[in-house]
Every structure is written in structure tokens, then in C-alpha cells.
There are 2 protein chains.
Amino acid sequence: MSPRSKKPPMSKDSLLPLLMAHVLAHGLGQASLRPLAKGAGTSDRMLIYHFGTKEQLVVDLLSHIAQVYAAMLEGVIAGQDRPTTREALVERILAQNGDPAMQPFMHLWWEIVAGSARGLPGFREAARAMVDELVVWLEGQMPAGDPDPAGGARYLLTVIEGTMMLAAVGHGDAAREGLLAGGLLPS
Amino acid sequence: MSPRSKKPPMSKDSLLPLLMAHVLAHGLGQASLRPLAKGAGTSDRMLIYHFGTKEQLVVDLLSHIAQVYAAMLEGVIAGQDRPTTREALVERILAQNGDPAMQPFMHLWWEIVAGSARGLPGFREAARAMVDELVVWLEGQMPAGDPDPAGGARYLLTVIEGTMMLAAVGHGDAAREGLLAGGLLPS
DNA sequence: AAGCGCACGTAGCAATCGCTACATATGGGA
DNA sequence: TCCCATATGTAGCGATTGCTACGTGCGCTT
């Protein structure tokens with residue numbers, strides 16, 4: 001009965017999660033105002049009203065996505081024991097990233113990387129923020145007693161990102177063979 | 001005087017290099033028919049005439065780019081001595097990829113990766129072809145007497161791609177620190 | 001000479017793009 | 001009560017999108 005679904009005026013903050021859901025599902029490249037608005041239950045008119053410009057909308061959206069990503073990592077830190085070896089850590093991360101639930105985010109990630117490489121406004125900032133977050137998370141996850149947690153975390157970061165890229169282009173097998181040959185996966 | 005600039009009828013083969021130059025300069029994402037045609041000295045009308053569809057044009061173009069990339073690698077093989085250590089090989093490749101002349105190709109590469117992740121038609125095939133080419137090239141470049149050229153090539157491939165991705169998002173420094181920590185770069 | 005098909009130009013179509021002009025309902029402060 | 005800012009709907013603008021209809025010159029075959 002209660003027609004509660006009417007009142008609250010929308011704002012950037014209430015729109016961003018809905019917009020994020022839409023780009024996760026359909027991609028950033030094909031995101032034009034009207035489909036975006038429809039996905040968020042508004043009109044293109046209101047998106048421009050709240051964000052001023054599509055470009056600004058994308059910038060705000062990327063920043064919001066980076067924040068959500070950071071919060072997600074913080075959440076994972078809490079409920080998890082530290083692995084005891086680098087190989088176990090790599091294996092765990094690859095398993096997490098390979099989870100089908102992560103796929104939409106991975107697709108979005110490569111669009112962000114491409115935009116960052118091209119210098120599109122907001123992309124490099126968002127990408128940098130997420131990698132920053134990931135590297136401190138990785139340092140915190142390094143095995144206790146690791147001889148070089150800082151350098152090792154950056155090493156694993158590099159290897160893991162390379163693996164994800166190869167997986168994205170259908171060469172996950174080559175990447176796994178590489179990790180085995182590099183002693184980064186338990187045989 | 002001789003009005004030689006008129007006769008030869010255009011074909012897919014004569015158009016593809018010009019189209020490639022255009023996407024290298026301006027990106028795949030923003031490539032619409034009319035700018036593309038202008039860059040190649042034709043009209044949108046003729047692009048559709050020769051390729052049938054924009055989607056088919058992109059597919060053919062990606063395939064052509066992969067071929068050019070393969071030929072480029074073959075060319076590099078010829079005039080180069082094999083490095084004597086894995087570290088030297090990594091260093092040489094990073095130097096090549098960091099060359100400003102490679103930047104347009106790198107930008108294009110990340111767009112291809114993003115398209116491949118999203119499953120856009122033709123992207124995964126092109127990406128796979130290029131990585132295939134790269135991995136055999138890498139195997140051929142592995143130092144003489146390397147204990148595991150096949151696995152090692154895939155290991156280096158993974159590490160190098162990770163490094164390039166981090167560089168693309170402004171984290172080239174973290175990648176270099178990681179390579180140092182991983183013993184993959186001479187200190 | 002008569003036709004015929006390839007290679008192109010010119011014009012335009014419906015759809016979509018980002019964005020704006022204009023009207024209006026609403027609700028709180030003076 | 002008056003007033004005015006906020007939040008929204010409706011229409012539409014000019015530009016661009018991929019693509020098509022229609023004509024036409026040109027070379028080749030018959």
C-alpha cells in the first residue's frame with residue numbers, strides 16, 4: 001500500500017550505484033545517456049541535470065567505481081587468513097579473479113585500462129587508485145616472514161596482471177604454464 | 001603533369017593499411033565510417049561497398065593488424081642477436097615497448113584486449129593471433145642454453161604483459177620494482 | 001555497336017547522440 | 001500568503017550514426 005517508492009529526490013550519490021550496475025552489465029564504451037538513464041530509472045535530462053556533462057558523469061562514475069573496489073578489498077581483508085607461501089597467495093588470487101561473478105568487473109577493468117592508455121579524462125586516475133589499493137592489499141597479504149614483502153607484492157602484482165590479461169585474450173593456459181615455469185604455482 | 005593519381009581502383013587490400021593508420025592515430029572506439037573513410041581518402045559509401053558492414057570492416061581490419069604485427073616481429077628476428085640472459089631479454093623488450101613509436105600500437109592493443117574480454121566479434125581472434133606470434137618469437141629469443149625455453153618464454157610473456165599493463169595505468173614504477181624483486185631485471 | 005557489370009558519386013533515410021529550452025509541481029522561508 | 005529555488009517532465013535541436021536508393025561513367029565482351 002504505502003506508496004513509498006515515490007518521494008526521495010535523486011542525487012549523484014543515489015544514482016552512481018545504479019549507473020555502475022549498468023556499465024558493469026553493458027560496458028563503458030556503449031554507455032550513452034538514454035540507456036544509462038533508463039537503467040537508473042531516470043531520463044537523460046536528469047543525468048545532465050545532476051552531472052552537468054556526460055564526460056563529468058563518466059569521471060564521477062569511475063571515481064565511484066574505484067571507491068567501491070577499495071571497499072571490496074577492505075572487506076576481503078577482514079575475513080581471511082594470510083596464506084603461508086607466495087604460491088598459495090597467487091593461487092588464491094587467481095581463483096578469486098577467475099570467479100564468474102568477477103567477470104563483469106574484469107570486462108570493465110580492461111575498458112578502464114584502454115581508456116587510461118588513451119588518456120581519456122578520469123580513466124588513469126581511477127585505474128591508478130585501484131592499483132594503489134591492490135598493491136597495499138597485496139602487501140598485507142604477503143606471507144608472514146616473507147623476505148621482501150614490498151618488492152614481492154609488486155612482483156606478484158605484475159605477474160597476476162599479466163596472467164589476467166592473457167586470460168582475457170584466451171591465453172590463460174600459456175599464462176599458467178608460465179607461472180609454473182616461474183615457480184609461482186605449486187605443481 | 002602525368003595525372004597518375006587517378007586510376008587504380010581501390011580494394012580491401014589497398015584500404016586496410018590506410019584504415020590501420022587511422023585507428024592507430026585515433027583509436028578503434030571512436031572509429032566511425034565517415035572519419036575512417038576520410039582518413040583513407042574515400043567515402044563511407046565505398047567502405048560499405050567493399051566490406052559490406054562496419055562490423056565486417058572491423059573484423060577484417062583486426063585480422064590485417066595481426067598480420068602486420070606478425071610481419072613486424074619476423075622483421076625484428078632477422079637483424080638481432082640473441083641475448084645471453086633472461087634479464088637482458090626482458091630489458092630489451094621493455095625498451096622496445098617503451099619506445100614512443102610503439103605507443104600508438106600499445107593504445108590500440110589495450111582496446112583490442114578490452115574488446116576481446118567483452119567478446120566483440122574479431123577481437124579475440126586477433127588478440128590470440130598476436131599473442132601466438134609473440135610467444136614463438138619469445139621462444140626464439142630465449143638465451144641459448146636456457147634450461148626451459150618453452151616455459152620460460154611463457155613466464156617472461158606473462159611478466160612483460162603485466163608490466164605493460166601497469167605502465168598503461170601509470171604504475172610503471174611499481175612494475176619495475178616488481179621485476180627487480182623478482183630477479184628479472186639487472187640491478 | 002550494343003549491352004553489361006564494376007566502381008564510384010550524390011542524396012538521403014531513420015535512428016541515436018549529447019544537450020537545451022520551456023513549463024510545472026512542490027515545498028519551505030519571508 | 002507570497003515567492004522562489006529545487007526537482008522533474010516534455011519537446012525538440014543540430015549533429016552524427018550505419019546504411020541504402022539511384023544514377024553514371026568506363027571498360028570489356030559479344
Side-chain angles (χ1 to χ4, degrees), chain A residues 2-20 22-23 25-64 111 114-115 118-123, chain B residues 2-20 22-23 25-64 111 114-115 118-123:
Chain A
S2 51
R4 93 181 65 233
S5 63
K6 258 319 178 49
K7 285 294 134 175
M10 27 187 39
S11 62
K12 285 192 183 190
D13 292 338
S14 70
L15 285 172
L16 284 173
L18 304 172
L19 297 175
M20 177 175 167
H22 187 267
V23 300
H26 302 92
L28 260 170
Q30 321 308 330
S32 43
L33 286 181
R34 267 164 271 242
L36 224 36
K38 192 169 194 174
T42 343
S43 62
D44 56 327
R45 165 72 177 75
M46 291 315 294
L47 293 185
I48 296 295
Y49 176 72
H50 284 297
F51 295 94
T53 287
K54 191 202 171 183
E55 178 177 310
Q56 189 57 47
L57 184 153
V58 172
V59 170
D60 290 352
L61 180 52
L62 288 173
S63 162
H64 176 255
E111 292 193 67
R118 286 247 175 236
L120 304 187
F123 282 70
Chain B
S2 51
R4 89 181 69 236
S5 65
K6 260 320 177 48
K7 287 294 137 178
M10 28 188 37
S11 63
K12 286 193 184 189
D13 292 336
S14 70
L15 286 172
L16 284 173
L18 303 172
L19 297 175
M20 176 173 166
H22 187 267
V23 301
H26 303 91
L28 260 170
Q30 321 308 332
S32 43
L33 286 182
R34 266 165 271 243
L36 225 35
K38 192 170 194 173
T42 341
S43 64
D44 56 326
R45 164 73 177 75
M46 291 315 295
L47 291 184
I48 296 296
Y49 175 74
H50 284 296
F51 295 94
T53 287
K54 190 202 171 181
E55 178 177 309
Q56 189 58 47
L57 185 153
V58 171
V59 170
D60 290 352
L61 180 52
L62 288 173
S63 162
H64 176 255
E111 292 194 67
R118 287 248 175 235
L120 304 187
F123 282 71

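Throughout, a chain's letter reflects where its sequence line sits, starting with A, and its residues are numbered from 1.
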- Whole angstrom value for the distance that separates P of C:dG18 from CG of A:Leu36: 9 Å

- Message: Heavy atoms only, 4.0 Å cut-off, all strands: where does A:Thr42 land among base, sugar-phosphate and nothing?
- Response: nothing

- Query: Has the side chain of A:Arg45 got a donor or acceptor atom sitting under 3.5 Å from an opposite partner on the base of D:dT8?
  - Reply: yes

- Can you tell which of C:dC19, C:dC17, C:dC8 lies closest to the side chain of B:Met10? C:dC8

- Rounded to the Å, how far apart are B:Lys54 NZ and C:dA15 P? 19 Å

- Message: It should be established whether A:His50 places a side-chain nitrogen or oxygen under 4.0 Å from OP1 or OP2 of nucleotide D:dA7.
- Response: no

- Item | Validation row: A:Val59, A:Thr53 side chains within 4.5 angstrom (heavy atoms) | no

- Message: Taking 4.0 Å as the cut-off, does a side-chain nitrogen or oxygen of B:Ser32 come that near to OP1 or OP2 on D:dT16?
- Response: no

- Task: Determine whether B:Arg118 and A:Glu111 make a side-chain contact, defined as any pair of heavy atoms from C-beta on separated by less than 4.5 Å.
- Result: yes

- Round to a whole Å and report the spacing from CD of B:Gln30 to P of C:dG18. 11 Å

- From B:Leu57 atom CG to B:Asp44 atom CG, the distance as rounded to the nearest 0.5 Å: 11.5 Å

- Message: To the closest 0.5 Å, what do you measure between CG (B:Asp60) and CD (B:Glu55)?
- Response: 10.5 Å

- Message: Just verifying a value: how many Å separate B:Gln30 CD and B:Leu36 CG, rounded to the nearest 0.5 Å?
- Response: 12.0 Å

- Whole angstrom is fine here: how far is it from CG in B:Leu33 over to P in C:dG9? 15 Å

- Item | Interatomic distance where CG belongs to A:Leu47 and C1' belongs to C:dC19 [whole Å] | 12 Å

- Message: Rounding to an integer number of Å, can you tell me how far B:Met46 CE sits from D:dT20 P?
- Response: 14 Å

- Looking at D:dG12, D:dC19, D:dA7, which one has an atom nearest to any side-chain atom of A:Asp44? D:dG12

- Start at the 5' end of DNA chain C and walk down; is the nucleotide closest to A:Glu55 or to B:Gly41 reached first? B:Gly41

- Item | Rounded distance (Å) that lies between atom C1' of C:dA23 and atom OH of A:Tyr49 | 15 Å

- Message: Expressed as a whole number of angstroms, how long is the span from A:Ile48:CD1 to D:dC13:P?
- Response: 19 Å

